[in-house]
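Computed over heavy atoms, backbone and side chain alike; hydrogens, waters and symmetry mates excluded.
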Amino acid sequence: MTAAEFRVESNHPIAGGLLPASGARQYLFSDRAVAVTMAAKSITRPFGQEIRVVHVPTGEVLFRKAAAPRPPDAADD
């Protein structure tokens, strides 16, 4: 098994249907494409906070999903 080189992280709990479990603030992946896909398809609780993909060995942020305003028709968290 390869080492997890990519971390999907946020300062707030992350939720998403593709994640193994919702509510953590970070998830580790060994594949960059999978990590970016998971970050892109996920949201935070509360809604709209930043999610990042970080290359663990270097600390470089590879992908950033910026905070977005809450859509007017979004359900309450």
| task | Please report the closest heavy-atom contact between Ala3 and Ser30, naming both atoms and the distance. | result |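 Looking at all heavy atoms of both residues, the closest pair is O-CB, 3.6 Å.
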Partners passing side-chain contact (heavy atoms from CB on, under 4.5 Å) against [X] (at least two apart in sequence or in another chain):
X     : result
Ser10 : His12, Ile14, Thr44, Ile51
Ala15 : Ser22, Ile43, Arg45
Pro20 : Tyr27

| message | Can you pull out every salt bridge (Lys or Arg N to Asp or Glu O under 4.0 Å) where at least one residue sits in residues 14-32? Sequence neighbours excluded, please. | response |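 Found none.
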Atom pairs and distances, side-chain donor-acceptor, residues 35-42, under 3.5 Å, sequence neighbours left out:
| unit_1 | atom_1 | unit_2 | atom_2 | d |
| --- | --- | --- | --- | --- |
| Thr37 | OG1 | Ala33 | O | 2.8 |
| Ser42 | OG | Met38 | O | 2.5 |

| Between CD on residue Glu60 and NE2 on residue His55, distance to nearest 0.5 Å |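 Answer for the CD-NE2 pair, Glu60 versus His55, is 8.0 Å.
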| field | Any residue meeting side-chain hydrogen bond (donor to acceptor under 3.5 Å, both in side chains) with Glu50, in chain and number order, not counting sequence neighbours | value |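 With neighbours one apart ignored, the set is Arg52, Arg64.
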| query | Under a 4.5 Å side-chain heavy-atom rule over Ile, Leu, Val, Met, Phe, Trp and Tyr, are Val54 and Phe63 clustered together? | reply |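 Looking at the clustering, Phe63 is in a separate group from Val54.
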